[in-house]
Number of protein chains: 2
Amino acid sequence: MTKSEQQTAKRDAAKEQESVITGPAEDYLKAIYELELAGGAASTNDIAQRLSFAPASVTGMIRRLAEHGLLAYERYRGVTLTAAGRKAALRTLRRHRVIESYLVGTLGYRWDNVHEEAERLEHAASEELIDRMAAAIGEPVVDPHGAPIPTREGVVDETQYCSLADLGPGHRVAVVRVGDDDPEVLRYLASIGIMPGVTIAVLACEPFDGPITLSIENERISIGAPLAAQVLVDMIGGSEAPSH
Amino acid sequence: MTKSEQQTAKRDAAKEQESVITGPAEDYLKAIYELELAGGAASTNDIAQRLSFAPASVTGMIRRLAEHGLLAYERYRGVTLTAAGRKAALRTLRRHRVIESYLVGTLGYRWDNVHEEAERLEHAASEELIDRMAAAIGEPVVDPHGAPIPTREGVVDETQYCSLADLGPGHRVAVVRVGDDDPEVLRYLASIGIMPGVTIAVLACEPFDGPITLSIENERISIGAPLAAQVLVDMIGGSEAPSH
DNA sequence: GAGTCGAATTAGGTTAACCTAAACCAGCTG
DNA sequence: CAGCTGGTTTAGGTTAACCTAATTCGACTC
């Protein structure tokens, strides 16, 4: 083997590692996983919208991912993750959420600006780094926004919670999780005391997706339906009538 | 503006941020900076070898970087960083070295495997993250291998040290810095006690790039010339004859 | 069962970043 | 100063990942 052949071989070997699951591919798999959780097969359009790509680009990428066995794909029929695809998606999701947790837990970030940082780091961090970060903050099971962190082995809690927008008045609920992507939304939620673990009572709901009035820590506040939809909650009592 | 035009605009705006200095470009700039430090203008071949790319690829990239004002380039004449290029190189170098320092200082990494991790993270970490990491470990001025960390403003110590391979017998020196890239070399250096801050006496040097015999912490050891060249040192006394 | 509409795909194009192989140039050697 | 040589560049090709515009398809309506 000549010297330049050695170098070529080294390049090929280095490329082999990453191979199929590139950074962009990880983003697709993550998006598809989340869409699937929400409702069955993920459509081309849904994926395109979530990633801010043109639908045609999505078709191209999902074809490639399907060829590599990461998702099941029939033209005009949407896609579903295979076991391998799901595993890859959860690996990326774990990275994302561990990174968010670490940044908040150790480096003094606030919960509203970790998403963007994690979005980039998740593609660059090694498994070792993620495990060390997780260990450093005590192996948390949820990230700062309440999203469950998959384990190293790819196990994750997929419980479906309902959002504040789905409830009628009279419910008492615990906030489980909030959307993690919009910094402004997160800052506002924090300012009115909505964060995982907090207890909320639903006082009133106006019709036609109107505002929802809540009681949080004895404060009364109304929020719009779109915002309410970002807040996932767990029932802790009452239904139409508060238990007493 | 239609909805899809908005989305296109958003994509363009997002792309604008990164724009010219992509991840690969950062690697080129870093390499060129280091080659320049070692000796004048960086040649296409030197850059190609350092980055394990084909020379033709290097020509292509340096043309692009030159077009964007990051380096001065005349065909067949090698390249030199412009002020903008130097700034970008130092920014990346700062990231790399802060990350290495942080991984060792806080996450329990050893010095032999931080390089690879930093090599990927340096392209993904935000300025804020780097600054927080640096603050968390007390704003170090050198990384775990002794390489100087540029400041946020792009100031860096460029003192040229000589290597162990450049010395004759009788010198007493302090180790300042070692090469950071080869894990095996680093593990071996650590095993024989060579790391920044340690004092070494040069006992003997065989001719024709032969082995160099050292005294480290009262241990006697011989190392080969290539390895000795990886160890940068600072004189602390003696020349041919030890001061007494 | 034909028409229609929106979603999905195909067709064709762009850019970045690599490659190999062939041409080219500079500077040194005889 | 002709010629060689090695470093450099040009020419031409590939792949990934995007794009727009045009076409096709599925499902639903009439």
Side-chain angles (χ1 to χ4, degrees), chain A residues 2-29 31-32 35 40-68 70-71 73-79 123, chain B residues 2-16 18-29 31-32 35 39-68 70-71 73-79 123:
Chain A
T2 71
K3 195 169 169 188
S4 90
E5 275 168 351
Q6 268 179 26
Q7 213 170 60
T8 302
K10 203 168 84 184
R11 277 196 293 271
D12 291 351
K15 195 171 286 183
E16 198 59 38
Q17 299 274 342
E18 282 266 313
S19 67
V20 179
I21 307 184
T22 59
E26 289 181 338
D27 286 336
Y28 277 85
L29 293 171
I32 293 165
L35 288 169
S43 77
T44 300
N45 255 12
D46 288 349
I47 300 169
Q49 184 164 10
R50 172 168 291 236
L51 297 175
S52 289
F53 293 146
S57 307
V58 172
T59 300
M61 177 63 102
I62 65 187
R63 203 171 41 70
R64 235 167 300 150
L65 294 175
E67 272 165 18
H68 290 293
L70 293 163
L71 32 92
Y73 171 47
E74 271 181 282
R75 292 159 281 123
Y76 293 98
R77 216 37 78 87
V79 298
H123 307 301
Chain B
T2 72
K3 194 170 171 187
S4 91
E5 274 168 353
Q6 266 181 27
Q7 213 170 59
T8 302
K10 202 168 83 185
R11 278 196 291 271
D12 290 351
K15 196 171 283 183
E16 199 57 40
E18 282 267 312
S19 68
V20 179
I21 308 183
T22 59
E26 288 180 339
D27 287 335
Y28 277 85
L29 293 171
I32 293 165
L35 288 168
S43 77
T44 300
N45 253 13
D46 288 351
I47 300 169
Q49 185 164 9
R50 171 166 292 237
L51 297 175
S52 289
F53 293 146
S57 308
V58 172
T59 300
M61 178 63 103
I62 64 188
R63 203 170 40 70
R64 235 167 300 150
L65 293 175
E67 272 164 18
H68 290 291
L70 294 162
L71 33 90
Y73 172 46
E74 271 181 282
R75 290 161 283 120
Y76 293 98
R77 216 37 77 88
V79 298
H123 306 302

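Here is the naming used below: chain letters follow the sequence lines, and residue numbers restart at 1 for every chain.
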Protein-nucleic acid N or O pairs under 3.5 Å, nucleotides 22-28 of chain C:
none

Polar pairs (N or O, both sides) under 3.5 Å between protein and nucleotides 14-17 of chain D?
| from | atom 1 | to | atom 2 | distance (Å) |
| --- | --- | --- | --- | --- |
| D/dA17 | OP1 | A/Thr22 | OG1 | 2.3 |
| D/dA17 | OP2 | A/Arg64 | NH1 | 2.8 |

When you check the phosphate oxygens OP1 and OP2 of [N], does a side-chain N or O of [X] lie under 4.0 Å from one of them?
X       : N     : answer
A/Ser43 : C/dA7 : no
B/Thr59 : D/dT9 : yes
B/Tyr73 : D/dT9 : yes
B/Asn45 : D/dT8 : yes

Measure [atom1]/[X] against [atom2]/[N] and give the value in whole Å, please.
X       : N      : atom1 : atom2 : answer
A/Asp46 : C/dA7  : CG    : C1'   : 11 Å
B/Ile62 : D/dT10 : CD1   : P     : 10 Å
B/Gln49 : D/dT8  : CD    : C1'   : 15 Å
A/Asp27 : D/dC18 : CG    : P     : 8 Å

Query raised in the report: How long is the gap from CD on A/Glu26 to CG on A/Leu65, to the nearest 0.5 Å?
Result: 11.0 Å
Query raised in the report: Which residue pairs pass the salt bridge (Lys or Arg N to Asp or Glu O under 4.0 Å) test with at least one member in residues 53-62 of chain B, sequence neighbours excluded?
Result: none
Can you list, pair by pair, the side-chain donor-acceptor contacts under 3.5 Å of residues 40-48 of chain A, counting residues two or more places apart and other chains?
| from | atom 1 | to | atom 2 | distance (Å) |
| --- | --- | --- | --- | --- |
| A/Ser43 | OG | A/Asp46 | N | 3.1 |
| A/Ser43 | OG | A/Asp46 | OD1 | 3.4 |
| A/Ser43 | OG | A/Asp46 | OD2 | 3.2 |

Report task. Sequence neighbours left out, what passes salt bridge (charged side-chain N to carboxylate O under 4.0 Å, His left out) with A/Arg63? Give chain and number order. Result -> A/Glu67
Report summary line: All heavy atoms of A/Tyr28 vs all of A/Ser57, minimum pair found to be OH-O, 3.9 Å
Query - Matching residue for B/Val79 among B/Ile62, B/Leu35, B/Val58 - test: side-chain contact (heavy atoms from CB on, under 4.5 Å) - result: B/Ile62
Query - Note, B/Asp27 side chain near B/His123 side chain (heavy atom, < 4.5 Å) - result: yes
Requested in this report: For the residue pair B/Leu70 and B/Ile21, establish whether any side-chain heavy-atom pair is separated by less than 4.5 Å.
Outcome: yes
**Report entry** Partner set under side chain to side chain contact (heavy atoms under 4.5 Å, CB included) for B/Ala31, not counting sequence neighbours
**Finding:** B/Arg50, B/Leu51
